[in-house]
Amino acid sequence: MGKSKRNKGGRGGGGADDKLDGGGDADSVTSMSSGLSDLQFAQATEHISSQEFVLDKYVDALYEKRGSTREEALGSLTDAFESFVLLGLVENKYVTLLSQFINSIKRGSVKEVCLACRCIGLLAITLGAGSSSHEIMDESHPHLLRVLQTWPDAQKMISALDCLAVVTFVGATDLAETQLSLKAIWDVIHPKSGSNVGVVRKPKPPLLAAAVSAWAFLLTTIGSSRRNTDSWKEPITFLCSLLEAEDRAVRIAAGEALALCFELRMFDVSSSDEADVDSYTGEAGGSKHQLFLNMQALKAKLSGLVYSLSMEAGGRGADKKNLNDQRDLFQRISDFIKSGECPEESLRISGKNGILRVTSWRESIQLNYMRRFLGRGFLKHSQDNDLLHEVFDIKIDRTENMSATEKKMFRSGEEKGRALKLNKERRLAQERKQQNILNEQYG
């Protein structure tokens, strides 16, 4: 992403020196389970200071020694991030939040690690594309990779995969950063390709399906700029083999990923390569010709497997819902391969004109992944989060039910907000320019 830049906030609220005193965890997080209702009340009454107090209470609890206390605080923060778009409250304290989330990943239980990974992803989505989310990606990346490379509990790995995919999707500013995360995820899907794997591990179906979905989600961000057709041959071949896996969730995840690969024309040898096939007869030409034949064979295999899965009969005891989901997906993929007809879906987000539309496999995969990651918070973020408005080109008319006076005040406030944002971006650009000059001068 990385289209709009946000100011890097300083540390705020909940530092080690100002954490709650008192006699034990129970006192330090009194009524933590009712924290979300406190936040809802503060939101409803527009008491920003009250909202900040509630959030600071959660942050303070993350410093406690007892793991169950930290887990409860992370759960409350997850609820808060899902229920509200807390941009104004977290953009100046995201560094503190991120630091404590990472500490939970390093020292926490399985439950705490999973909650912390989710909080990091939700924090990035809340902040949106920009320098803050890029920092979140940079800081969390090595810790998420450590989880994926050590192969601990499968649930930990699934949470780390989701988090890595989301923070890269939001925070990456160039192709190299995205490719680094794609490689880490692919090493979970196909472990023998990892350079640091001693004994080859085989991911179980839930982990494999999650990894393939995360990989496809990130692949949507690279567009059709194929750097090297041959570099996609191995992943496409392996994904085709997953269409014959026993687990239906794995087959569905692989099918969506392959539909995206087809849409991005990764099966195609580029026009320059095709010219080489026709004009060269030497070793280079032979290599290009073989690549062309290999990709044509993969296309034929994919078409056959997709058709079979779209027509699969359910045996005794088969899960009919999942079977129908599979048939529907692979029928749409089959139609797409034959005619280029892309999936279309429309969701009403808000009012008369607040419609989210998807008209491609890329958009469909992004929608399904974001909808699953945000859970019950998807509608709220679709309505109020600028990141989702940009990703899905959602136009929300916030003045639809306002009086003429309220509309005038609202638009005046928007103009002031845009001016402040532009000033921040200019200042950040100047600071980076000065820092680059200093780096060049003093190494």
Side-chain angles (χ1 to χ4, degrees), residues 1-15 55 58-59 62 70 73-74 77-78 80-82 84-108 112-148 156 158-182 184-185 214 217-218 221 366 369-370 373-374 377 381 385-388 390-391 421 424-425 428 431-432:
M1 298 296 295
K3 292 184 180 179
S4 61
K5 301 295 181 184
R6 298 193 184 279
N7 187 25
K8 290 186 179 182
R11 294 179 183 273
L55 285 175
Y58 300 158
V59 176
L62 296 178
R70 299 194 303 272
L74 288 167
L77 281 165
T78 297
F81 278 125
E82 289 178 351
F84 313 104
V85 180
L86 300 172
L87 176 60
L89 295 179
V90 302
E91 62 182 346
N92 289 325
K93 58 180 65 180
Y94 75 90
V95 175
T96 297
L97 286 165
L98 178 62
S99 174
Q100 291 309 114
F101 296 157
I102 289 175
N103 281 339
S104 287
I105 290 177
K106 292 193 290 188
R107 65 177 178 171
E112 185 175 350
V113 171
C114 293
L115 286 168
C117 287
R118 183 156 176 73
C119 279
I120 291 174
L122 290 169
L123 179 61
I125 290 173
T126 298
L127 291 169
S131 58
S132 300
S133 289
H134 188 266
E135 185 176 356
I136 288 173
M137 182 193 70
D138 275 347
E139 293 295 323
S140 61
H141 199 270
H143 304 285
L144 297 172
L145 288 190
R146 191 170 296 116
V147 173
L148 298 180
K156 270 190 188 181
I158 291 172
S159 296
L161 285 165
D162 283 342
C163 183
L164 179 62
V166 167
V167 298
T168 305
F169 180 85
V170 180
T173 56
D174 59 44
L175 183 61
E177 291 173 338
T178 301
Q179 287 177 324
L180 193 62
S181 294
L182 280 169
I185 297 170
F217 176 62
L218 271 190
T221 66
Q366 289 178 350
Y369 204 91
M370 279 292 195
F373 189 85
L374 285 167
H381 280 265
N385 190 319
D386 288 342
L387 173 71
L388 269 67
E390 180 183 352
V391 170
K421 182 179 177 182
K424 279 185 178 183
E425 291 176 353
L428 282 171
E431 288 174 359
R432 285 193 295 271

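- In this structure a side-chain-to-backbone donor-acceptor pair under 3.5 Å is present from Thr221 to Leu218.
- Residues Met370 and His381 are not in side-chain contact: their nearest non-hydrogen atoms beyond the backbone lie 4.5 Å or more apart.
- Judged purely by atom type and a 3.5 angstrom limit, Asp162 has no side-chain atom pairing as donor or acceptor with the backbone of Phe373.
- Looking at heavy atoms from C-beta onward, Cys117 lies out of side-chain contact with Lys156 at the 4.5 angstrom threshold.
- Residues forming a side-chain contact (heavy atoms from CB on, under 4.5 Å) with Cys119 (at least two apart in sequence, or on another chain): Leu74, Leu77, Thr78, Phe101.
- With rounding to the nearest 0.5 Å, the separation of CG in Leu127 from CG in Asn385 is 9.5 Å.
- A 4.5 Å side-chain heavy-atom check between Leu115 and Arg118 finds every atom pair outside the cut-off.
- Between Thr126 and Leu387 there is no side-chain heavy-atom pair separated by less than 4.5 Å.
- Residues meeting the side-chain contact (heavy atoms from CB on, under 4.5 Å) test with Glu139, sequence neighbours left out: Leu98, Ile102, Glu135.
- Between the CD1 atom in Ile120 and the SG atom in Cys163 there is a gap of 4.5 Å [rounded to 0.5 Å].
- In this structure, Leu180 and His141 have side chains that are in contact, with non-hydrogen atoms separated by less than 4.5 Å.
- Annotation for Ala73 and Leu62: closest pair CB-CD2, 3.8 Å, computed over non-hydrogen atoms.
- Atom CE of Met137 sits about 11.0 Å away from atom CG of Leu144, to the nearest 0.5 Å.
- The side-chain heavy atoms of Leu87 and Asp386, taken from C-beta on, include no pair separated by under 4.5 Å.
- Here the side chain of Ser133 pairs a donor or acceptor atom with the backbone of Ala124 at under 3.5 angstrom.
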